[in-house]
Amino acid sequence: MSYPPLPRAGLPRLPTGLTLPAPPALRMGADGAPLAPDSAWDALDSGPGPLADGPASPSWFGMQVPEGVTAYGHFECRASLQALTLAAPFRHAGQRTPVQVRFARCGEPAAADTARGARRFVVRFGADAAGMPGWPLAGCSLPVPPDSAVSLTPPVDDAPLAPWLWLMSDRALPRSYRMMQGFGTQTFRLLERPPGFALRDSPLGRPGGLMHASGEAVYARFHWLPAAGTHALAADEAEQLARVDPLFLRHDLAEAIGAGAFPRWQLALQVFGDRQASSFDFDPFDPHRLLPEDRVPLRSIGWLVLNRMADRHEADAELDEDAGLAAAHEGRDAAAPEDLSAANGIVPCHGRAASPAERARQDLQQARMFWRSQSRVEQNHLIAACRASIGPLPPAPPRARLLARLADVDPALAATISAGATRRSGAQLRGEPGAAGHPASVEPSSSLSLLARPGERSVRMRRIALLLADGFESRSLRAVQRALSAAGAQVHCVGTRAGALWSAAGDFTAVELSIELAPSALWDAVVLPEGARAQSALAHSDEARRFILAQYRHGKPILQLGPDNNLLARLGISRALPDGRVDPALVTRPRGDAAEAAATIALRRQISAFLEALSLPRRFEREPDPAPLIPVRYPRYAR
């Protein structure tokens with residue numbers, strides 16, 4: 001089943017340059033009362049309404065943020081699971097099932113989309129032709145879901161440490177819903193025949209199903225892997241976007257669907273049986289316990305595609321029907337009653353009650369696995385976030401206890417954080433790890449790093465800014481704009497001011513976005529124009545300098561047009577990486593023959609190199625090491 005994309009003609013533009021459906025005219029009922037509007041705008045913004053001129057319009061920066069966003073599409077099964085479960089969407093390869101997906105923040109509903117935190121998602125599979133009722137599948141953007149909205153505050157006393165570390169990581173700042181991985185924190189038991197047929201309990205005491213042909217019960221966790229890869233915002237970008245566009249993630253999803261670049265996720269399962277479950281040194285049914293992919297590999301079974309935004313009535317009905325699903329990210333099955341889940345081939349499993357000592361041991365083990373699995377860049381980002389979070393704590397005692405717990409995770413982590421924290425608090429750091437063992441006793445899991453899944457190397461839906469000032473050369477910019485648009489990128493002109501900007505040839509371009517309204521955080525890359533006057537104007541503009549330097553600091557591709565363009569050099573940006581290699585995402589034109597034929601060939605090479613650089617959203621090789629790990633001498637550890 002396919003759905004038409006959102007219309008594109010005659011749509012209003014937000015200050016960010018994103019296009020949204022136009023608000024409909026007010027309709028009146030027979031009794032004279034206004035009827036509820038029916039548009040995708042209302043599904044995106046259930047707050048004060050769309051922007052409009054006049055004193056009645058709310059402040060755009062003070063816009064209320066709705067609780068979530070809903071979209072529709074289909075799930076296509078690629079590998080049949082008929083031998084494992086009678087779940088309707090997974091019976092036959094090639095089968096398509098309509099789905100409804102809702103994204104929402106876990107925590108304060110008034111927070112902006114890009115605020116640090118966990119996101120929940122609910123995928124509701126529709127009924128099939130045989131009349132099998134649909135069922136929802138809930139998950140979380142973090143593999144270890146937080147217990148509450150206040151988990152952003154540093155843990156005190158015996159509060160779990162691992163969820164807080166995940167919230168301090170880059171996964172808590174997704175670049176887009178399209179680039180967000182969905183972790184299934186609930187473990188389900190798969191049923192291959194309807195309940196009531198030869199029912200037997202699992203040897204592990206998991207009731208409600210029957211034994212498979214192998215003679216043991218089979219369990220699974222569901223995971224959604226984005227085709228666009230897993231990518232995150234920088235912390236300062238997220239703060240800037242929260243001020244500029246509080247609905248950024250929702251606008252991004254609507255823009256992609258409206259442009260026909262339908263977001264896709266691969267559905268993969270971690271499948272294991274009773275014998276494997278009994279061999280684990282942890283409870284695989286605990287929703288707060290990560291199931292490492294190195295121990296239980298992922299098994300791909302199909303693709304989820306979203307191709308339509310929900311209208312107002314659909315979104316309201318979905319909210320009323322699924323009011324209880326907000327608790328799903330905490331690992332509780334709020335999706336359906338036991339009998340409905342069993343009828344659909346899955347039964348939720350619940351973890352056993354653990355003692356406080358066992359919970360503390362597992363929390364420390366997960367925190368160590370998380371820390372050791374992060375790349376060096378991600379570790380540096382986490383250290384900076386931890387320092388910012390620890391800062392507001394009351395003096396000395398709470399900081400000292402938290403740093404002591406972090407020392408149990410890794411002495412180098414605690415020592416590096418305390419280098420910035422203790423100067424303010426006077427807290428002292430323990431010199432040795434705690435009695436729980438050496439950090440190296442836990443093996444890392446490479447799949448927990450965002451860099452493990454770069455996704456499709458595509459330019460589609462990359463947002464490119466053509467940075468303009470009076471005196472720019474329009475010929476080369478038009479060629480770049482045509483090439484990028486043909487590749488599927490979203491290209492916009494951003495000027496030192498809004499309105500008409502004049503080229504060196506005397507023609508003008510109407511620019512609707514100024515740098516103040518569309519700052520660097522909104523863009524995936526920037527193109528700098530030819531023209532001595534334009535270069536000089538950009539170099540003397542404080543906003544333009546900040547824009548370009550932010551693009552460089554965040555590792556984004558930069559295309560510098562013209563053979564004599566020294567704008568980057570004037571800003572102190574080197575064409576070489578810190579290790580001496582040439583920066584592949586900093587595309588410049590070497591000095592050479594100024595003849596028209598040679599200039600055309602050079603421009604084509606520049607465009608090709610820029611398209612290649614755009615295939616990855618960031619180049620972390622540029623990033624300096626702001627918080628190098630402080631070396632710590634580890635005690636001897638015997639495996």
Side-chain angles (χ1 to χ4, degrees), residues 1-23 39-45 50-51 69-74 76 99-101 103 113-114 174-180 226-229 231 233 241 244-245 247-266 303-311 314-315 455-466 478 480-494 512-513 517-518 521-527 556-557 607 610-611 614-617:
M1 184 176 182
S2 61
Y3 302 94
L6 294 173
R8 303 224 11 117
L11 303 183
R13 292 265 177 190
L14 290 180
T16 57
L18 295 169
T19 306
L20 288 178
S39 75
W41 178 284
D42 299 285
L44 286 170
D45 182 9
L51 295 175
V69 63
T70 303
Y72 288 85
H74 66 264
E76 181 175 346
V99 296
Q100 176 196 65
V101 181
F103 301 96
D113 275 5
T114 57
R175 161 63 179 81
S176 166
Y177 285 136
R178 301 178 292 113
M179 303 174 187
M180 186 179 76
H231 303 287
L233 295 166
L241 287 172
V244 173
D245 185 1
L247 306 176
F248 177 76
L249 297 186
R250 272 158 278 189
H251 290 165
D252 176 84
L253 183 67
E255 182 83 357
I257 292 177
F262 300 139
R264 301 187 302 136
W265 287 262
Q266 185 182 40
W303 285 89
L304 167 69
V305 180
L306 298 182
N307 52 27
R308 181 173 70 89
M309 300 298 295
D311 60 32
E314 291 170 324
E456 299 171 339
R457 296 176 66 92
S458 173
V459 179
R460 200 167 192 194
M461 292 309 298
R462 296 277 194 261
R463 306 190 71 240
I464 316 299
L466 305 181
R478 282 196 297 267
V480 171
Q481 187 176 33
R482 285 194 299 267
L484 294 176
S485 298
Q490 304 294 304
V491 186
H492 299 268
C493 295
V494 180
E512 61 183 19
L513 298 175
L517 284 177
L522 287 167
W523 309 101
D524 296 310
V526 64
V527 178
K556 299 179 180 180
I607 293 175
F610 190 56
L611 288 172
L614 285 171
S615 63
L616 289 176

Who passes side chain to side chain donor-acceptor pair (under 3.5 Å) against Gln481, sequence neighbours left out? none

For the student: nearest non-hydrogen atoms of Leu616 and Pro557, plus distance: O-CG, 4.3 Å

Looking at Pro174 and Leu233, what are the two nearest heavy atoms and their distance? O-CD1, 3.7 Å

So CZ of Arg457 and CG of Leu614: to nearest 0.5 Å the spacing works out to 11.0 Å

Counting only N and O atoms by type, is there a donor-acceptor contact under 3.5 Å from the side chain of Asp524 to the main-chain atoms of Arg463? yes

First locate atom CG of Leu241, then atom NE2 of His251, and finally report the distance between them rounded to the nearest 0.5 Å. 12.0 Å

Just verifying a value: how many Å separate Thr114 OG1 and Leu247 CG, rounded to the nearest 0.5 Å? 10.0 Å

For a quick test of reading the model, state the closest non-hydrogen atom pair linking Ala483 to Ile607 and the distance between them. CB-CG2, 3.6 Å

Report the distance from atom CG of Leu304 to atom NE2 of His74, rounding to the nearest 0.5 Å. 8.0 Å

Smallest separation among heavy atoms of Val305 and Phe262, with atom names: CG1-CB, 3.8 Å

Is the backbone of Ala256 close enough, under 3.5 Å, to the side chain of Arg460 for a donor and an acceptor to pair up by distance? no

Of Met179, Arg175, Arg462, which meets side chain to side chain contact (heavy atoms under 4.5 Å, CB included) against Pro617? Arg462

Would you find a donor on one side and an acceptor on the other, under 3.5 Å apart, between the side chain of Trp523 and the backbone of Ala518? yes

Rounded distance (nearest 0.5 Å) linking atom NE2 of His231 with atom CZ of Arg178: 10.0 Å

Ionic contact status for Glu456 with Arg264, cut-off 4.0 Å: yes

Is any side-chain heavy atom of Phe103 closer than 4.5 Å to one of Leu249? no

Under 3.5 Å donor-acceptor, Trp265 side chain and Leu306 backbone: no

In Å and rounded to the nearest 0.5 Å, what is the CD to CZ distance from Gln100 to Arg308? 9.5 Å

Hey, are the side chains of Leu484 and Leu611 touching, using non-hydrogen atoms and a 4.5 Å cut-off? yes

